[in-house]
Trainee: 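Have a look at the structure that comes next, please.
No hydrogens, no waters, no symmetry mates; every other heavy atom, side chains included, goes into these values. Everything numeric here is computed off the predicted structure, so don't read it as measured data. Naming: A, B, ... by sequence-line order, numbering from 1 per chain.
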Protein chains: 2
Amino acid sequence: MKKLFPLVTADIALFTLKEDKLRALIIRRENQPAQGEWALPGGILQPEADTSLDDTARRVLRSKTGVDTLYLEQVMTASSPDRDPRGWSLSVLYYALLPSDLVPAVAGISVEAISWFDPEATDPQLAFDHGMLLQRALTTLRKKVRDGALPLHLLPEQFTLTDVQHAYEAVLGSRIDKGAFRRKIKDEPSLLAIDGELLRGPQRPAQIYRTADDFKF
Amino acid sequence: MKKLFPLVTADIALFTLKEDKLRALIIRRENQPAQGEWALPGGILQPEADTSLDDTARRVLRSKTGVDTLYLEQVMTASSPDRDPRGWSLSVLYYALLPSDLVPAVAGISVEAISWFDPEATDPQLAFDHGMLLQRALTTLRKKVRDGALPLHLLPEQFTLTDVQHAYEAVLGSRIDKGAFRRKIKDEPSLLAIDGELLRGPQRPAQIYRTADDFKF
DNA sequence: TCAATAGTGTCTCTTAGACAATATTGA
DNA sequence: TCAATATTGTCTAAGAGACACTATTGA
């Protein structure tokens, strides 16, 4: 008998920085289908509980990472009778940005096996069409940053301009000249210097910044 | 009783050029809900017939316009319990580009009342959240063109460089200098001059072009 | 000839990239 | 002092906008 309704899910590519490199959260599936394989975190829409698919995505992330109020953005919707063995399915893909100082918290809370995956790597293969989905999420994120947005959601509350540059480079996967980068962000109103706060070390101290309250990625 | 499954639909913002101005197809709804109101063309997913939501969109466009093989791209997915009075609904929004010489064919085939709507206008109000959806589709199209893509899908098979510029300006809603525009497209491999073909009139004749076979919008 | 549009050239200003120079700390 | 990183400055080349100029047709 044919299905009358598709299976509706939200899948999330959760990006963060580990040692200045871009990584995405993957989870080993505990149940069928694709049991034992690695996949993006995701979950099924619950119309009684969710007031939108964004809600579904936030609920899934909260349960898998214990973290709220992440930056979340829709990437695309994948749909076909074949992408999930359970039948006609439709998945709305999101990407989320996790501040790098919360990575240990996420790694700690999960009862499932997790891993931080290099999105440019080819191993391990992800289940379903999640490999393609991750590529699409990365492309969307990169386009946004290349259009001038600063990925401040990947940084902790306080950071230096060098941190911003490293986040920028990690997302784009390419280096940028220091002088050119600082010129670009010189008049950026999203960056607020914290007066008197300096990061000290065995070199010239660096000015510490924070994200402006009205920052919009 | 609560619904267990959402209503899944595909809605389409079909853009074309009418007298060098950008217009979107809207249709007067013949049935409930929102009977008598104007809305974007759309239709319900049929899992037995459609192999993806792109398929749904193509099927809807074919039935409402009689035209195949349009350029079609996904914009976003809207979802909530409130956006459709029938209950929890999810709509995948597409935009499509219709060559301007096919506009009369579309206007002819429809059994419903249709109109070509100025997407910058505020009247008439569209049903459901379709006003917002149309804005999102326009924004996505403009971003693509601003990123350098030429909206050749809006033009007939043969066209002049001035036609290309007018299509470009109609999409962006702003003027561009002729010299700057021609410099930009000077080395564009998607544009092929048709040797010896000239558009004549009471002025200097214009070279006629066509779209390269491997053109990718 | 004139009107009208096609097509090209020139000037300036902004910006990105490459790269160099200076500044300030802890050890 | 030295190593290390922060911060600023300079040179150049490419590109965009403004604007003017030339070219070619029908009437």
Trainee: For B:R210, is there an ion pair with B:E197 - N to carboxylate O distance below 4.0 angstrom?
Mentor: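 Looking at B:R210 together with B:E197, the answer is no, because their closest N to O distance does not fall below 4.0 Å.
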Trainee: Roughly how many Å is it from CD in A:Q165 to C1' in D:dT7, rounded to a whole number?
Mentor: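 About 12 Å, once rounded to whole Å.
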Trainee: What's the CD-C1' distance between A:Q207 and D:dT8, to the nearest Å?
Mentor: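 Rounded to the whole Å, the gap is 15 Å.
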Trainee: Between B:R182 and B:T162, what is the shortest heavy-atom contact and its length?
Mentor: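 Looking at all heavy atoms of both residues, the closest pair is NH2-OG1, 3.6 Å.
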Trainee: Specify the residues of residues 197-204 of chain B, ordered by number, for which at least one heavy atom lies under 4.0 angstrom from an atom of DNA chain C.
Mentor: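 Contacting residues: B:P202, B:Q203, B:R204.
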Trainee: Check whether any side-chain heavy atom of B:L133 lies under 4.5 Å from a side-chain heavy atom of B:F128, and answer yes or no.
Mentor: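 They are not in contact (no side-chain heavy atoms under 4.5 Å apart), so the answer is no.
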Trainee: Are A:E30 and A:K64 within salt-bridge range, i.e. N to O under 4.0 Å?
Mentor: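 Here A:E30 does not pair with A:K64 in a salt bridge, since their nearest N and O are not under 4.0 Å apart.
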Trainee: What distance separates B:T160 OG1 from B:H166 NE2, expressed to the nearest 0.5 Å?
Mentor: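 The OG1 atom of B:T160 sits 8.0 Å away from the NE2 atom of B:H166.
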Trainee: Nearest to the side chain of A:P205, which nucleotide is it out of D:dC19, D:dT7, C:dT25?
Mentor: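 Closest nucleotide to the A:P205 side chain: C:dT25.
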Trainee: B:K178 has an atom NZ; how far is it from atom C1' of C:dT10, in whole Å?
Mentor: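 Answer to the nearest Å: 15 Å.
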Trainee: Is there a donor and acceptor pair closer than 3.5 Å between the side chain of A:K184 and the base of C:dT15?
Mentor: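 Check fails, no donor-acceptor contact within cut-off.
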Trainee: Nearest whole angstrom, please: distance from the P of C:dC11 to the CG of B:D177.
Mentor: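 Roughly 16 Å, once rounded to whole Å.
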Trainee: Given atom CD1 of B:I208 and atom P of C:dA6, what is their separation to the nearest angstrom?
Mentor: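 Value for this atom pair: 12 Å.
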Trainee: Calculate the interatomic distance between B:R175 atom CZ and D:dC19 atom P; express it in whole Å.
Mentor: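 Atom-to-atom, B:R175 to D:dC19, this comes out as 15 Å.
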Trainee: Students often mix this up, so state it plainly: with edges at 30° and 60°, are the rings of A:Y209 and A:F159 parallel, tilted or perpendicular?
Mentor: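 Correct class here is parallel.
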Trainee: Mark yes or no for a side-chain to base donor-acceptor pair under 3.5 Å between B:R183 and C:dT10, with no hydrogen or angle criteria applied.
Mentor: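 Indeed there is one.
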Trainee: Heavy atoms from C-beta onward define the side chain here; which of C:dT8, C:dG17, D:dT7 lies closest to that of B:R182?
Mentor: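 Comparing C:dT8, C:dG17, D:dT7 against the side chain of B:R182, the answer is C:dT8.
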Trainee: Check the distance between C:dG17's P and A:I185's CD1 and give it to me in whole angstrom.
Mentor: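 In whole Å, C:dG17 P lies 14 Å from A:I185 CD1.
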Trainee: Taking side chain as C-beta onward, heavy atoms only, is A:W38 less than 4.5 Å from A:H130?
Mentor: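 SC-SC contact between A:W38 and A:H130 ruled out.
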Trainee: Using a 4.0 Å heavy-atom cut-off, does B:T160 contact any base of the nucleic acid, only the sugar-phosphate backbone, or nothing at all?
Mentor: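 Touches nothing.
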Trainee: Roughly how many Å is it from CG in A:L161 to C1' in C:dT24, rounded to a whole number?
Mentor: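 Taking CG of A:L161 and C1' of C:dT24, I get 16 Å after rounding.
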